[in-house]
Amino acid sequence: MSDRLFVFDTTLRDGEQVPGCQLNTVEKIQVAKALEALGVDVIEAGFPVSSPGDFNSVIEISKAVTWPTICALTRAVQKDIEVAAEALRYAKRKRIHTGIGTSDSHIKYKFNSNREEIIERAVAAVKYARRFVDDVEFYAEDAGRTDNEYLARVIEAVIGAGATVVNIPDTTGYCLPDEYGAKIRYLVEHVGNIDKAVISTHCHNDLGMATANTMSGVLNGARQVEVTINGIGERAGNTALEEVAMILKSHHEIQIETNINTQKIYPVSRMVSSLMNMPVQPNKAIVGRNAFAHSSGIHQDGVLKNMQTYEIINPRDVGIDDSSIVLTARSGRAALKHRLSVLGVEPSIEKLDEIYEQFLRLADRKKDINDDDILVLAGANRSQNRRVKMEYLQVTSGVGVRSVASLGLNIAGEKFEAAAGGNGPVDAAIKALKKIIDRQMTLKEFTIQAISKGSDDVGKVHMQVEYNDQMYYGFGANTDIIAASVEAYIDCINKFVK
Ligand code: KIV
Ligand code: ZN
């Protein structure tokens, strides 16, 4: 029989505390809806007393989200609790998360208090929060460095006062996995009324042990984990949701399940990364660009023969196309052939030899060769079988003159033309394109790269266009970067114009 583990996502509270990563209310709603679709049980939506923005976000997220419990953070202060209760008024399921520091250093330096008084304040806060909501979570801040015997007394007292969940944060990310697991076990064994509450982990990653500590907590009896997407959070961050979800999915012997739809992990990770302008490190477990990218010839050969030789997770299980084998100078002909066939290109043996030669030359200059590079090398025409195709593009631009573009498109065999002026040649060309394809589309990302070096080089353009609340990725490659930009936009359009 497997046990259920509750996933409490704090991307929008602890995660959002990262300097420079603040989201506006509309963006927070977008993330909250994505978290709901991902299957999290609890969304910590903010700390309402901290700012009008946080207050408002908790209100709006409460309205927008249906299934997950919406949680609001407070200190053990009556005013905080009142404001949190007010912000949660539209939530279908609501929780107040209140608490206080319990380590000796917090008690002495932060509160200038003593252990008994802290227990009284904790109990009073929980009781007060219970006047507003039935679901109250208590956090013992810096529990990681709190003496276990005292922590057990605090926890027993707050459960007695009505706490439904007890959160044991390793606030400073100091604990070793064994130590954190033993702390949870100690509470399971020494808190008389522990069966009346769920124990939660909340681990920070200062020493790179957040996920290990969380798992140790779970293996010792915790049944809620507090996590963030991509492990974002203050300093070195929090436990990454995707890591815990995939550990449990991979290790069946643990027999603990979450409600996470793992195939949504990668899209949510991308969304959070782009909204927060916080790139994911390439080697980040589960969601990093290289997490499933085998570049050595030996690994690639093994994976092509049987994925299990070097992969413990199927990339599709986290919503990644299984095609992300990165090709490098060490890759063999077989890997290149496989990649080409995934991309729909089946060259003859002679043509493959030719592409392979060019590929090796490019790989000497460029570390990772991606799909777009390969398609350019293979001379594959991405616009074949596309509904919208560019027929011609003419642009006038320069210094001191307004840029003007005229564009001809072929849409399912019919010809269309438009001209437009703009703030630069790309803007003019895209405005002309939008005159023909008259839809509510917004350009969200736009990068231009050279494929190698030299002024006669092929320019590559990557774009993301938002249409109907969905993001579409497009690519264009051309020695003319304005044409490459229009191609990339058209590539996006072809993904939603059927
Ligand atoms: O790290 C921490 O202790 C916290 C609490 C406020 C829950 O984020
Ligand atoms: Zn925290």
Side-chain angles (χ1 to χ4, degrees), residues 6-19 21 40-51 54 58 69-77 80-81 83-84 87 95-107 109-111 118 121-122 125-126 129 135-147 150-151 154-155 158 163-175 179-180 183-184 187 197-211 213-214 217 222 224-241 243-244:
F6 297 102
V7 174
F8 174 116
D9 183 280
T10 184
T11 305
L12 296 173
R13 199 278 299 169
D14 225 356
E16 213 244 353
Q17 279 174 221
V18 181
C21 290
V40 308
D41 300 286
V42 185
I43 295 175
E44 189 163 45
F47 181 11
V49 85
S50 70
S51 72
D54 253 40
V58 175
T69 296
I70 304 301
C71 179
L73 185 79
T74 79
R75 293 166 297 181
V77 170
D80 286 25
I81 294 169
V83 174
R95 177 183 297 176
I96 290 178
H97 188 190
T98 190
I100 195 160
T102 53
S103 65
D104 286 337
S105 80
H106 276 231
I107 295 174
Y109 300 114
K110 202 168 151 184
F111 302 111
I118 290 295
R121 286 169 69 171
V126 171
D135 190 3
V136 173
E137 173 167 340
F138 174 80
Y139 64 85
E141 195 178 6
D142 206 14
R145 293 187 301 170
T146 301
D147 152 50
Y150 174 62
L151 184 62
V154 176
I155 296 304
V158 295
T164 46
V165 181
V166 286
N167 177 13
I168 313 301
D170 182 21
T171 305
T172 59
Y174 176 75
C175 286
E179 194 185 349
Y180 188 76
K183 193 174 279 290
I184 302 295
L187 296 176
V198 171
I199 302 179
S200 183
T201 65
H202 179 113
C203 299
H204 280 266
N205 204 30
D206 299 66
L207 292 171
M209 294 188 287
T211 300
N213 284 344
T214 297
Q224 177 180 281
V225 286
E226 303 196 4
V227 289
T228 60
I229 299 291
N230 302 334
I232 61 163
E234 261 191 303
R235 309 184 310 276
N238 291 56
T239 305
L241 180 150
E243 293 175 12
V244 177

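Note that these values count all heavy atoms, side chains included, but never hydrogens, waters or copies made by symmetry. Counting starts at 1 for both ligands and their atoms, following the listed order.
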| Does Asp147 reach the main-chain N or O of Leu151 with its side chain, forming a donor-acceptor pair under 3.5 Å? | no
| Ser200 versus Glu226, side-chain donor and acceptor atoms under 3.5 Å | yes
| Vertex the Zn ion (ligand 2): angle to NE2 of His202 and OD2 of Asp14, to 10°? | 90°
| said: I'd like to know if the side chain of Asp80 reaches the main chain of Arg75, judged simply by a donor and an acceptor atom lying under 3.5 Å from each other, with no hydrogens or angles considered. | reply: yes
| task | Taking Asp9 for its side chain and Thr11 for its backbone only, find out whether a donor-acceptor pair lies under 3.5 Å. | result | yes
| Is a side-chain donor or acceptor of Lys183 paired with a backbone partner of Thr146 at a separation under 3.5 angstrom? | yes
Identify all pairs of nitrogen or oxygen atoms, one from ligand 1 and one from the protein, separated by less than 3.5 Å, and list them with distances.
from	atom 1	to	atom 2	distance (Å)
ligand 1	1 (O)	His202	NE2	3.2
ligand 1	1 (O)	His204	NE2	3.0
ligand 1	3 (O)	Thr171	OG1	2.7
ligand 1	8 (O)	Arg13	NH2	3.0
ligand 1	8 (O)	Asp14	OD2	3.1
ligand 1	8 (O)	His202	NE2	3.1

| field | N, O or S from Glu226 under 2.8 Å to the Zn ion (ligand 2) | value | no
| Heavy-atom donor-acceptor pair, Thr164 side chain to Val136 backbone, under 3.5 Å | yes
| query | Can you tell which of Asn238, Thr239, Ile168, Asn213 makes a side-chain contact (heavy atoms from CB on, under 4.5 Å) with His202? | reply | Asn238
